[in-house]
2 protein chains.
Amino acid sequence: MPHQPERKTFIQNLRDHGQRVTPERLALFDEIFAQHRHIDAEELLTSLLAKGHRISRATVYRNLDLMVDSGLVRKVRLGQRRFHFEHIHPGQNHDHLVCSECDRVVEFVSPAISAMQREICRAHGFSPDHHQFQILGLCHDCLEKGAVPSGT
Amino acid sequence: MPHQPERKTFIQNLRDHGQRVTPERLALFDEIFAQHRHIDAEELLTSLLAKGHRISRATVYRNLDLMVDSGLVRKVRLGQRRFHFEHIHPGQNHDHLVCSECDRVVEFVSPAISAMQREICRAHGFSPDHHQFQILGLCHDCLEKGAVPSGT
DNA sequence: CGCCTATTGCGACGGATTCTCAATAGATAA
DNA sequence: TTATCTATTGAGAATCCGTCGCAATAGGCG
Ligand SMILES: [Mn+2]
Ligand SMILES: [Mn+2]
Ligand SMILES: [Zn+2]
Ligand SMILES: [Zn+2]
């Protein structure tokens, strides 16, 4: 269990808010923190069931929201359709390059973005909570394989 | 008709690709370019019908995609659910601040973002097509009305 | 242990978009 | 102008991605 401290934080968060520590919550938590990739609700449900856990789709969705609210998990829109989830690495923010040909996702660290975000919000009287930033395009491999950049 | 040149471009685009110039396409085009705001497919359908045009929902969706592909219209995810569309102002890129309390959308011009995007893509061997950048938070008005920033 | 109530599972429901397919109507050439 | 070819349309069913309602279950506390 390489994510023991986060697990303890999660359990403490639950207790602090009068929420219950259920096996479903722990299994879901462990699954997200075991994965080092972007994973969607359906994939999480499938892997949990494959590992013998008994959990329903609604519970997966409900508890993903709960973990997002508690700040342990991030919910990102990578493609056009569903949300993906990833556990948060504290202190190391990143955003995503998404290949529209092969769906590959590359993370990039963006020190300048936080500063820019602060400045823009200051200028407009906004109080920022979080941002979504994705760059869509073609990855290196797809370019070499001859995919055409942009419209047809 | 204050968008005559774009209209001609659209028609030429269609002809160049062996696509037909239909009244439905022109009506939809005119509606998007008449609006100076972010509008979704359902709203477009409703206003077209209210103006006496005969057009179906499927046609609206199909032709929105077509206009996005031809580079005249941008498709942005402002809330969590549906897409919104806006006509492109060439040479003046912008992104969006979205208030999570009142759904207000404020546009901001971001000269630094293009440069950053280019640099990040160069470093990762990516060929960028476009990006999605939204900052979620609380607008000035909602802050004054006492909305609580972030969690709970 | 026993109560209280938060949480769960199941299946129905919902919004947004896409699909299917027969009918319609632009474009082109004679 | 008319015939022909086929892209496009309309209508509604289907799909995708979640969310909801509610009865059954089971954590947490005294
Ligand atoms: Mn990531
Ligand atoms: Mn805009
Ligand atoms: Zn690729
Ligand atoms: Zn607001």
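The analysis underlying the following values was restricted to heavy atoms, covering all of them including side chains, and did not include hydrogens, waters or symmetry mates. Here is the naming used below: chain letters follow the sequence lines, and residue numbers restart at 1 for every chain.
Rounded to an integer number of Å, the gap from A:Arg82 CZ to C:dG15 C1' is 17 Å. With rounding to whole Å, A:Leu48 atom CG is found 11 Å from C:dG9 atom P. Across the protein-nucleic acid pair, B:Arg81 atom CZ and D:dT19 atom C1' stand 8 Å apart, rounded to whole Å. For the pair A:Leu64 CG and D:dT19 C1', the interatomic distance rounds to 13 Å; values are reported in whole Å. Regarding B:His84, its NE2 atom lies at a distance of 16 Å from the P atom of C:dG15, rounded to whole Å. Between B:Asp16 atom CG and C:dG26 atom C1' there is a gap of 16 Å when expressed in whole angstrom units. Taking atom CZ of residue A:Arg77 and atom P of nucleotide C:dA16, one finds them 12 Å apart after rounding to whole Å. Atom pair A:Glu42:CD and D:dT15:P shows a separation of 15 Å (rounding to whole Å applied).
To the nearest 0.5 Å, the span separating CD on A:Glu119 from NE2 on A:His124 amounts to 10.0 Å. One distance of note links NE2 of B:His53 with OG of B:Ser47; it measures 9.5 Å at 0.5 Å rounding. Remark: A:His94 NE2 to A:Ile88 CD1 distance equals 9.0 Å, nearest 0.5 Å.
The stretch residues 28-40 of chain B has no heavy atom under 4.0 angstrom from DNA chain D at all.
The other residues sharing a hydrophobic cluster with A:Leu45 are A:Phe10, A:Ile11, A:Leu14, A:Val21, A:Leu26, A:Leu28, A:Phe29, A:Ile32, A:Phe33, A:Ile39, A:Leu44, A:Leu48, A:Leu49, A:Ile55, A:Val60, A:Leu64, A:Leu66, A:Met67, A:Val68, A:Leu72, A:Val73, A:Phe83, A:Phe85, where clustering joins ILVMFWY side chains under 4.5 Å apart.
Of the possible donor and acceptor atoms, none in the side chain of A:Arg82 sits under 3.5 Å from a partner among the backbone N and O of A:Ala41.
Counting heavy atoms from C-beta outward, A:Gln132 and B:Arg77 have side chains that stay 4.5 Å or more apart. Taking 4.5 Å as the limit, some side-chain heavy atom of B:His87 sits within range of a side-chain heavy atom of B:His89.
Contact check, B:Tyr61 against C:dT17: a side-chain N or O comes under 4.0 Å of OP1 or OP2.
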Inset, instruction - Would you mind building the protein contact string for nucleotides 7-14 of chain D? One character per nucleotide, 5' to 3', B for base within reach (heavy atoms under 4.0 Å), S for sugar-phosphate only, - for untouched. - result: BSBBB---
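Atom CZ of B:Arg7 sits in a crowded spot, with more than 12 heavy atoms from other residues, nucleotides or ligands closer than 6.0 Å.
Mapped onto DNA chain C by nearest heavy atom, B:Val21 and B:Asp65 fall at different nucleotides, with B:Asp65 at the one closer to the 5' end.
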Inset, instruction - Applying side chain to side chain contact (heavy atoms under 4.5 Å, CB included), run through B:Asp141 and B:Arg104 and close with a yes or a no. - result: CA-CA 10 Å; B:Asp141 290 1; B:Arg104 182 210 297 231; 2.6 Å; yes
